[in-house]
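Worksheet for the structure shown next.
Residues: numbered from 1 along the sequence shown. Just so you know, these numbers come straight off a predicted model, no measurement behind them.
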Amino acid sequence: MTAVLAELDPRGWIQLVNCGHPSPLRLSTDGELMPLNPAAFAAPLGLHPELRVSTFSVRTGDRLVFFTDGLLEARDRTGRFFQLNQQIQTLRQPDLQAAADELLDRLRAHTRQRLDDDAVLLAEITLTDPASHRSAAAGQRPTVALCPGRPG
């Protein structure tokens with residue numbers, strides 16, 4: 001089984017351990033979509049992976065997108081893969097649930113409603129404002145939104 005484990009620090013970084021899973025993406029506030037690829041992937045769980053932590057910086061307003069391989073492997077009737085990197089406008093929607101719903105609608109349209117694998121999507125907004133740093137320092141966690149999406 002593959003997995004990606006993430007720990008978000010409110011001071012502006014995220015640590016990831018990636019055990020053979022698709023790398024999460026960071027969508028910056030200026031619209032750049034960048035994979036958070038580890039220096040080295042660990043083996044999937046069950047194969048006794050040597051866990052390696054990779055650290056990435058994040059800024060207020062960045063959006064992190066976690067997804068399964070079902071999203072990457074979804075094909076249309078001609079065999080073309082779904083292109084997540086062409087969905088930036090959808091991912092940039094201010095309302096997180098609306099962004100997740102529209103992305104899954106686009107995925108279903110691409111596959112003509114046929115999904116052969118799971119396609120769970122988790123998206124998260126980091127540090128909504130600089131005050132989050134102070135509240136986190138006082139023992140509170142920053143607000144995050146999780147939007148699970150399931151094929152219909």
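- Between the side chains of Thr90 and Arg106, a donor-acceptor pair is found at a separation under 3.5 Å.
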### Task
Begin from the C-alpha positions of Ser23 and Asn37 and carry the test side chain to side chain donor-acceptor pair (under 3.5 Å) through to its verdict.
CA-CA 6 Å; Ser23 294; Asn37 291 323; 2.7 Å; yes
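- Proximity of Arg92 to Leu27: side-chain heavy atoms (C-beta onward) are separated by under 4.5 Å at one or more points.
- Interatomic distance, Leu47 CG to Thr2 OG1, rounded to the nearest 0.5 Å: 11.0 Å.
- The shortest distance between side-chain heavy atoms of Asp76 and Phe81 does not fall below 4.5 Å.
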### Task
Check the pair Ile14 / Glu7 against side chain to side chain contact (heavy atoms under 4.5 Å, CB included), numbers first and verdict last.
CA-CA 6 Å; Ile14 186 168; Glu7 180 180 359; 5.9 Å; no
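- Gln89 places no side-chain N or O within 3.5 Å of a backbone atom of Gln87 that could act as its donor or acceptor partner.
- Note that OG1 of Thr111 is 12.5 Å distant from CZ of Arg80, once rounded to the nearest 0.5 Å.
- Note that OG of Ser57 and CG of Leu36 are 9.0 Å apart. Values are rounded to the nearest 0.5 Å.
- In this structure, the side chains of Pro22 and Phe67 come closer than 4.5 Å at one or more pairs of heavy atoms.
- Contact record, Ala43 with Pro49: O-CB, 3.1 Å, taken as the closest heavy-atom pair.
- By the rule that hydrophobic residues join a cluster once side-chain heavy atoms approach within less than 4.5 Å of another member, Leu8 and Val17 end up as members of separate clusters.
- Clustering ILVMFWY residues whenever any of their side-chain heavy atoms sit less than 4.5 angstrom apart, transitively, puts Val53 in a cluster other than the one holding Trp13.
- Separation of atoms NE2 (His110) and CD (Gln86) is listed at 9.5 Å; rounding is to 0.5 Å.
- Using a 4.5 Å heavy-atom cutoff, the side chains of Val58 and Arg26 are in contact.
- For the atom pair CG (Asp62) and CG (Leu25), the distance works out to 12.0 Å, reported to the nearest 0.5 Å.
- At distances below 3.5 Å, not a single donor-acceptor pair connects side-chain atoms of His21 with backbone N or O atoms of Leu5.
- Contact annotation: the side chain of Pro24 never approaches that of Leu64 to less than 4.5 Å [non-hydrogen atoms, C-beta and beyond].
- Hydrophobic clustering of Ile, Leu, Val, Met, Phe, Trp and Tyr side chains at less than 4.5 Å, counting indirect connections, unites Phe56 with Phe66.
- Taken from CZ in Arg63 to OG1 in Thr29, the straight-line distance is 11.5 Å, to the nearest 0.5 Å.
- Contact annotation: the side chain of Glu50 approaches that of Arg52 to within less than 4.5 Å [non-hydrogen atoms, C-beta and beyond].
- Counting heavy atoms of neighbouring residues, nucleotides and ligands inside a 6.0 Å radius, atom CD of Gln83 exceeds 12 of them.
- The closest side-chain heavy-atom distance from Arg59 to Ser28 is below 4.5 Å.
- Leu103 has its side chain within reach of Leu91: a pair of non-hydrogen atoms, C-beta onward, lies under 4.5 Å apart.
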